[in-house]
Amino acid sequence: MKLYHYIFLLSTLTLGSCSKYLEEFSQDQYQVKTFTDLDELLLGACYYPVKNSSPVNTTESMGAFIHFISDEIEEQNGGLPGQQVFDAKQAIFGQYTWQQRVGVNESNTGFALENATWVETYKLINVSNSIIANAIKLPRSNSDEIQGANRVEGEARFLRASYYFWLVNLYGKPYTKASANRDLGVPLKLQEEVLDILYARNNVQEVYDQILLDLELAEQLLSNTGRQKSIYRADITAVQLLLSRVHLYMQHWEQALSYADKVIAVRPALTNLNSSPEPFLRKESVENIFSMGGNDIFRSMCNSVQSFRVAHDLYNSYHNNDLRKTLWYWSMGDFVGYTKTPPSGTATLPSNINYYSSQYFTSGFRTLLSPVSDKFLYRTAEAYLNKAEAAACLNRGDQAQEMLNLLRSNRYKTGTAFQENLSNNDLILAIRNERRLELALEGHRWFDLRRYGVSDVLPQSKRIVHNYTIYAARSSRTMIERRQYILEENDLGYTLPLPQSVIDFNTGMINNERPVRSFTLIPL
């Protein structure tokens, strides 16, 4: 068994599940007649679908661990009287405490599932490969065929780029100009065919070059196809926002700023929290450009015993007149919960805090869908922040300050003196902090912390402390000991190890160096 069993699925298996879309002629051949056939496959098998926020296994959804490994979430040991114990805490232990192998359990006696994100992402990439290969072959004899084929190929290229961007920022070193052509990234598999070969890891530069190539082609292909009617389908604005983000990570400041401008030119609207009584990240929000994937936050933060909560360090970073603090979070005692996006089907959220905690943040709440993702979410505010950061790094302080204050004017209570007149490093630090506050729990923070550490402009790495309590049993309320784990500045733990199954079945593939993580005991 070789790596390809873990990187991608056979085309027959991937496409066989969509037999109503494509006419099959044998077990390993299919025929695409029109762009409509590919469009249905694209929607059904290439976009990462919105999934149920089931509390059964916190790691089963793709990248559910992304918030737990940063400084956004921390352990909650309390819980409301009479509530059940949150029984999935141990599933996230290895990620939450930055273990050398992230699937290890808290007693170091076994391993939980650790390759779900790798397998799921490469499966989606392989479907993208098939769609791109077949879209190129489609006839384009009239305007409808041209537009349809271009749109399908453009969306598939955008999705493939976004999935590789996701993988390389989890399993590859953060992009550094001086060493990107030597640093290990992830394997690039771009062809439709399944090859019986062993794959090597491409370097970070090669992966980023492919991401940019796909996005630039997607921008061309989608330039005349119009905006999608649903936030669950990507259009040229989503492509340009991702281009702005990728260039920001690569420290291509001019390009990052230019693409942010393109987004703002067509999607300038920001929600003013002073006048918007509705939940912020609802499906209909004027800020939402594109969303896919489930929302995993609700199933781990429910004020139960052995659950998790929003980190106090994050919550306390908001000014008291910052409306994000009161509208995006709720607190009771030492617990801080999340209300930035509601579950699907709730038009308004109750104002009574006791009702909140007893009805909306129970196990029942955790089984509901959310209309937008906590990952793979693109919205207008990011464009303002990308432009602000790029401008500040180009020493265009006035332009950066304008973007920062414009965003804040829609977030602070009317009458608050939120504007700051900063320059140089102080301005860059303020923008980084604003990014943390604005994009909290949307999948950005871990990647931002990584890239700040290797930035040519004001490098900044953070020391993160996580406490983890051992209980007598998975469903017990009895505490045995409390451990403290530390991710040091510039720690090798800022890059995830490859899943062990990939290393085991792909002899010779190099894993990421990661230290054994020790702990100290602290009083209960």
Side-chain angles (χ1 to χ4, degrees), residues 8-52 61-62 119-164 189-194 214-215 217-239 242 283 288-294 344 369 371-373 376 378:
F8 45 82
L9 299 180
L10 293 174
S11 297
T12 53
L13 296 178
T14 303
L15 301 176
S17 63
C18 303
S19 57
K20 68 177 181 178
Y21 306 137
L22 302 176
E23 182 179 356
E24 296 187 49
F25 288 84
S26 72
Q27 287 187 328
D28 60 357
Q29 294 179 340
Y30 56 89
Q31 180 174 338
V32 175
K33 295 181 178 179
T34 69
F35 68 84
T36 303
D37 297 330
L38 280 184
D39 186 68
E40 294 187 30
L41 177 60
L42 178 74
L43 182 60
C46 195
Y47 280 95
Y48 178 47
V50 175
K51 291 186 177 181
N52 192 299
S61 181
M62 190 165 76
V119 171
E120 179 70 13
T121 310
Y122 272 111
K123 182 184 75 173
L124 294 168
I125 286 171
N126 200 51
V127 182
S128 303
N129 292 339
S130 295
I131 292 172
I132 291 168
N134 284 278
I136 292 172
K137 303 171 188 175
L138 286 177
R140 290 170 166 86
S141 58
N142 58 55
S143 60
D144 287 343
E145 288 181 345
I146 292 172
Q147 189 175 80
N150 286 351
R151 182 175 55 77
V152 169
E153 183 185 348
E155 288 184 57
R157 287 190 179 276
F158 163 78
L159 290 171
R160 185 168 71 178
S162 67
Y163 294 137
Y164 272 122
K189 197 270 183 181
L190 305 172
Q191 70 276 17
E192 178 187 15
E193 297 78 18
V194 176
D214 271 338
L215 290 176
L217 287 171
E219 184 182 23
Q220 295 174 26
L221 291 162
L222 296 175
S223 61
N224 294 311
T225 60
R227 282 186 56 189
Q228 295 289 3
K229 296 180 180 179
S230 167
I231 66 165
Y232 305 120
R233 297 292 294 267
D235 62 7
I236 190 172
T237 307
V239 173
L242 184 52
K283 178 181 176 181
N288 288 341
I289 294 171
F290 172 68
S291 176
M292 64 175 177
S344 181
L369 292 173
V372 296
S373 174
F376 302 110
Y378 297 67

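- Looking at I231 and V372, their side chains come closer than 4.5 Å, going by heavy atoms from C-beta outward.
- At least one donor-acceptor pair closer than 3.5 Å links the side chain of S291 to the backbone N or O of S373.
- A donor-acceptor contact shorter than 3.5 Å links the side chain of N134 to the backbone of S130.
- Side-chain atoms of D37 come within 3.5 Å of backbone atoms of T34 as a donor-acceptor pair (strictly under, hydrogens ignored).
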task: Could you go through the side chain to side chain contact (heavy atoms under 4.5 Å, CB included) check for R233 and D39 one step at a time?
output: CA-CA 11 Å; R233 297 292 294 267; D39 186 68; 2.6 Å; yes
task: Assess whether side chain to side chain contact (heavy atoms under 4.5 Å, CB included) is satisfied between E145 and N142, documenting all intermediate values.
output: CA-CA 5 Å; E145 288 181 345; N142 58 55; 3.4 Å; yes
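- When all heavy atoms of K189 and N126 are compared, the pair lying nearest together is NZ-OD1, 2.8 Å.
- D214 meets the salt bridge (charged side-chain N to carboxylate O under 4.0 Å, His left out) test with R157, R160; sequence neighbours excluded.
- Within the 4.5 Å cutoff, no side-chain heavy atoms of Q191 are placed close to those of N129.
- Partner of M292 under the side-chain contact (heavy atoms from CB on, under 4.5 Å) criterion, chosen from Y378, Y232, Y48: Y48.
- In this structure, L222 CG and E155 CD are separated by 6.5 Å, a value rounded to the nearest 0.5 Å.
- S162 has its side chain out of reach of F290: every pair of non-hydrogen atoms, C-beta onward, lies at least 4.5 Å apart.
- Atom OG1 of T121 is separated from atom CE of M62 by 4.0 Å, given to the nearest 0.5 angstrom.
- In this structure a side-chain-to-backbone donor-acceptor pair under 3.5 Å is missing from T225 to Q147.
- A distance of 11.5 Å separates CG in D235 from CD in E219, rounded to the nearest 0.5 Å.
- Residues passing the ring-ring contact (aromatic ring centres under 6.0 Å, His included) test with Y164: none are found, sequence neighbours excluded.
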- prompt: Can you check side chain to side chain contact (heavy atoms under 4.5 Å, CB included) on F35 and E153, steps first, answer last?
  reply: CA-CA 9 Å; F35 68 84; E153 183 185 348; over 6 Å; no
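- Between L159 and C46, the shortest heavy-atom distance links the atoms CD1-SG, 3.7 Å.
- The side-chain contact (heavy atoms from CB on, under 4.5 Å) test with V152 is passed by exactly one of L38, L41, L138: L38.
- The shortest heavy-atom contact between A234 and Y47 is N-OH, 3.1 Å.
- Minimum heavy-atom separation, F158 to A238: CE1-O, 3.7 Å.
- Looking only at side-chain heavy atoms (C-beta outward), N150 and R140 come within less than 4.5 Å of each other.
- One distance of note links CD1 of I236 with CZ of R227; it measures 12.0 Å at 0.5 Å rounding.
- Across all their heavy atoms, I131 and A156 have their closest contact at CG2-CB, 3.7 Å.
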